[in-house]
There are 2 protein chains.
Amino acid sequence: MPTDKKIETSISDAHRSTPPRAAEKILGVARDLFYRQGIRAIGVDEIVKRAGVTKPSLYRSFPSKDELAASYLRQYDLEFWERFNEAVDAHPGDPRAQIIAFLTRVGKRTQRPEYRGCGMTNAAVEYPERDHPARIVSEANKQELRRRLRAMASAMGAANSDTLGDGLLLLIEGAYISGQLFGEGGPAASVARNADLLIAASLA
Amino acid sequence: MPTDKKIETSISDAHRSTPPRAAEKILGVARDLFYRQGIRAIGVDEIVKRAGVTKPSLYRSFPSKDELAASYLRQYDLEFWERFNEAVDAHPGDPRAQIIAFLTRVGKRTQRPEYRGCGMTNAAVEYPERDHPARIVSEANKQELRRRLRAMASAMGAANSDTLGDGLLLLIEGAYISGQLFGEGGPAASVARNADLLIAASLA
DNA sequence: GACCATACGTACCGATCGGTAACATTGTCA
DNA sequence: TGACAATGTTACCGATCGGTACGTATGGTC
């Protein structure tokens, strides 16, 4: 039986068919638990248990729990910008439509029962210390988001583009929080409508 | 010396000059630490140490840490509505001015270096479980805030008053979060301006 | 088969978590 | 003075926290 699947085709990851399989399983489980329950609420023991690995495996791939949390957020960052750029790419040259498209999707996501807010925002709340690995990733993400929103507001031709960009950021953060606070039927459902109103007022 | 201050005027708290002094000290310290560092980040040992009391004293006044956290939030709730109603009372019959007055103060508070967001919001992020004592207090506070904002939007004569009320809530929550994420010079500084724009657009 | 790196598992560490039992001390009031 | 209620003291509980020392499989290379 073990001699069966020995067809080692010359795939890119030639000389490692299974090796760092543990790290990926760990990060996958950590991502899920950290997001749903919170980082502080989850111990490393539960992560390794659910991942089907042992604790030393975790600490061979990640120097500490804090760094594991930072890795989770770095992955979250990638997926966030994927979603963001998807909305941007759907409306080339039309920043207003880009924002509305993004916020429409945000509004929908916040109404899902399993929605638990923005992983970045939540991590920043959990770790107020400025030098915490998780918070550093979170702050960088938010700084970049602010920069892009302001740039888009400027591209829209808003007179006070920085104010509009910041206003959009406030609405977005408000939607993240309200989504997990109120659940279905909460204020986050109206984020796109309110953003559209705010944009209209800022362009007048 | 002890015979000196024995002037027990018939004040309301007549027959207890010192008795439940421990509970108040504990709650005061807990309030400070919970707000600044987060509830999960602070252990009961540190609370009693800083309060100058012992652990049994804490558990004589509070059935559990979770209930202590809930008590902290109930006090926070009182102070919140004090601030809110202060802005309301300053502009009788003018809901728009009331909102702007409140948000102007929020915007200023969020720029202070020690600002750490809304204790209610933070607690809800820390405790996603719906039946947690702290979260129950937090959710009730937010529900009431939403109700009042919608009522004020209606009083302003907004066509779609629920949408405007929710939009204002999104801006407020966004300011709370952005205040602790960006610190001074962050997006929260513009919350009043953006709210005013949104109101104007909603009344048009 | 000898070798060697890599990944994994068992068992354990000290510290801290929230919470409690049992008893001594204090101050206030009747 | 004597009773009562609140607080303090000391010592402890089992559970869990993040993290690690150390020996054991495993799989590819010569």
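Treat the numbers as computed from the prediction; the structure is a model and nothing was measured. So you know, we letter chains A, B, ... as the sequences are listed, proteins then strands, and number each from 1.
Residue B/Arg40 contributes atom CZ, which lies 13 Å from atom C1' of D/dT16 at whole-angstrom precision. Atom NZ in B/Lys49 sits about 14 Å away from atom C1' in C/dA15, given to the nearest Å. To the nearest angstrom, C1' of D/dC17 lies 13 Å from CD of A/Glu46. Atom CG in B/Leu68 sits about 10 Å away from atom P in C/dG18, given to the nearest Å. Rounded to an integer number of Å, the gap from CG of A/Asp45 to C1' of C/dA11 is 13 Å. In this structure, CD of B/Glu67 is placed 14 Å from C1' of C/dG18, rounded to the nearest angstrom.
A/Arg74 and A/Asn141 share no donor-acceptor pair across their side chains, judged by distance under 3.5 Å alone. A/Gln143 and A/Glu139 share no donor-acceptor pair across their side chains, judged by distance under 3.5 Å alone. B/Thr121 and B/Lys142 are linked by a side-chain donor-acceptor pair at a separation below 3.5 angstrom, with hydrogens and angles left out of the test.
Taken residue by residue, residues 28-39 of chain A places no heavy atom nearer than 4.0 Å to DNA chain C. Within residues 54-65 of chain B, the residues approached by DNA chain D to less than 4.0 Å at the level of any non-hydrogen atom are B/Thr54, B/Pro56, B/Ser57, B/Arg60, in residue-number order.
A salt bridge is absent between B/Asp45 and B/Lys49: the closest approach of a Lys/Arg side-chain nitrogen to an acidic carboxylate oxygen does not fall below 4.0 angstrom.
In this structure, A/Arg146 is positioned above the aromatic face of B/Phe182, its NZ or CZ under 6.0 Å from the six-membered ring centre and within 45° of the axis.
The CG atom of A/Asn160 sits 8.0 Å away from atom OG of A/Ser202, with the distance rounded to the nearest 0.5 Å. Rounded to the nearest 0.5 Å, atoms CD (B/Gln180) and CG (B/Asn122) are 4.5 Å apart.
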